[in-house]
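Taking it in order: structure first as structure tokens, then the write-up.
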Amino acid sequence: MNTIKIAGAAVAVLVLATSFAQAGNGGIRINQTNGQVLQLAKLAACEVAGTPSEFPDDIWLVNKGAGKLVAGTQIKWNVNGYSNLKGTHTLVAALNPGQGVKLNGVLGSGVEAGHPCSAKAL
């Protein structure tokens with residue numbers, strides 16, 4: 001009897017997690033299931049911010065996923081609308097969920113703070 005209740009609860013949690021993942025809630029995506037192991041996608045974002053404050057030449061790369069991005073992970077980034085403002089950064093240290101790393105001076109003469117930017121962890 002208890003085994004059935006536990007199995008039912010596990011299935012309910014899996015369905016709930018899958019629903020949230022498909023809805024894009026909190027940046028969590030479930031790539032695949034392997035038995036009882038869930039593998040989460042690596043998610044990153046970028047923000048145009050830094051110095052000078054109005055037109056910074058810096059960006060922040062942020063771990064938006066549910067898991068840690070390990071050292072050696074590459075993050076490909078680009079500033080929307082600028083074909084020459086893009087690059088790939090390799091993490092030299094692990095980046096926990098919600099943490100970021102600042103790339104100084106990568107935007108040349110600067111871009112308006114808050115300008116759309118996109119990133120992808122590889």
Do V101 and L107 sit in the same hydrophobic cluster, where Ile, Leu, Val, Met, Phe, Trp and Tyr count as joined when their side-chain heavy atoms come under 4.5 Å apart? yes
Between N80 and S118, is there a side-chain heavy-atom distance shorter than 4.5 Å? yes
ILVMFWY network linking F55 to W60, side-chain heavy atoms under 4.5 angstrom: no
Roughly how far, to the nearest 0.5 Å, is CG of L69 from CG of L43? 8.5 Å
I need the T73 OG1 to H89 NE2 distance, nearest 0.5 Å. 10.0 Å
Distance (rounded to the nearest 0.5 Å) between W77 CH2 and L85 CG: 6.0 Å
Would you check, one step at a time, whether the test side-chain contact (heavy atoms from CB on, under 4.5 Å) holds for S109 with D57? CA-CA 6 Å; S109 59; D57 60 356; over 6 Å; no
Heavy-atom pair with the smallest gap, counting every atom of A66 and P97: O-CG, 3.5 Å
What's the shortest heavy-atom distance between S53 and A113, and which atoms? O-CB, 3.3 Å
Are there more than 12 heavy atoms of other residues, nucleotides or ligands under 6.0 Å from atom NZ of K86? no
When rounded to the nearest 0.5 angstrom, what distance separates CG in N63 from CG in L91? 8.5 Å
If I take atom OG1 from residue T88 and atom CD from residue Q74, how far apart are they, to the nearest 0.5 angstrom? 6.0 Å
Minimum heavy-atom distance C46-N78, with the two atoms named: SG-O, 4.3 Å
Do T51 and D58 pass the side-chain contact (heavy atoms from CB on, under 4.5 Å) test, and can you show the C-alpha distance, the side-chain angles, and the key distance before you say yes or no? CA-CA 7 Å; T51 55; D58 312 318; 3.4 Å; yes
Indicate, with yes or no, if I75 and V70 share a hydrophobic cluster defined by side-chain heavy-atom contacts under 4.5 Å among Ile, Leu, Val, Met, Phe, Trp and Tyr. no
Looking at every non-hydrogen atom in both residues, tell me the closest pair between V48 and H115 and how far apart they are. CG2-O, 3.4 Å
What heavy-atom pair brings G98 and V62 nearest, and what distance separates the two atoms? O-CG1, 4.0 Å
Rounded to the nearest 0.5 Å, what separation is found between the NZ atom of K102 and the CD1 atom of I59? 11.5 Å
Hey, does the side chain of K42 reach the backbone of L122 with a donor-acceptor pair shorter than 3.5 angstrom? yes
Testing the basics here: between L95 and Q99, what is the closest heavy-atom pair and its distance to 0.1 Å? CG-O, 3.6 Å
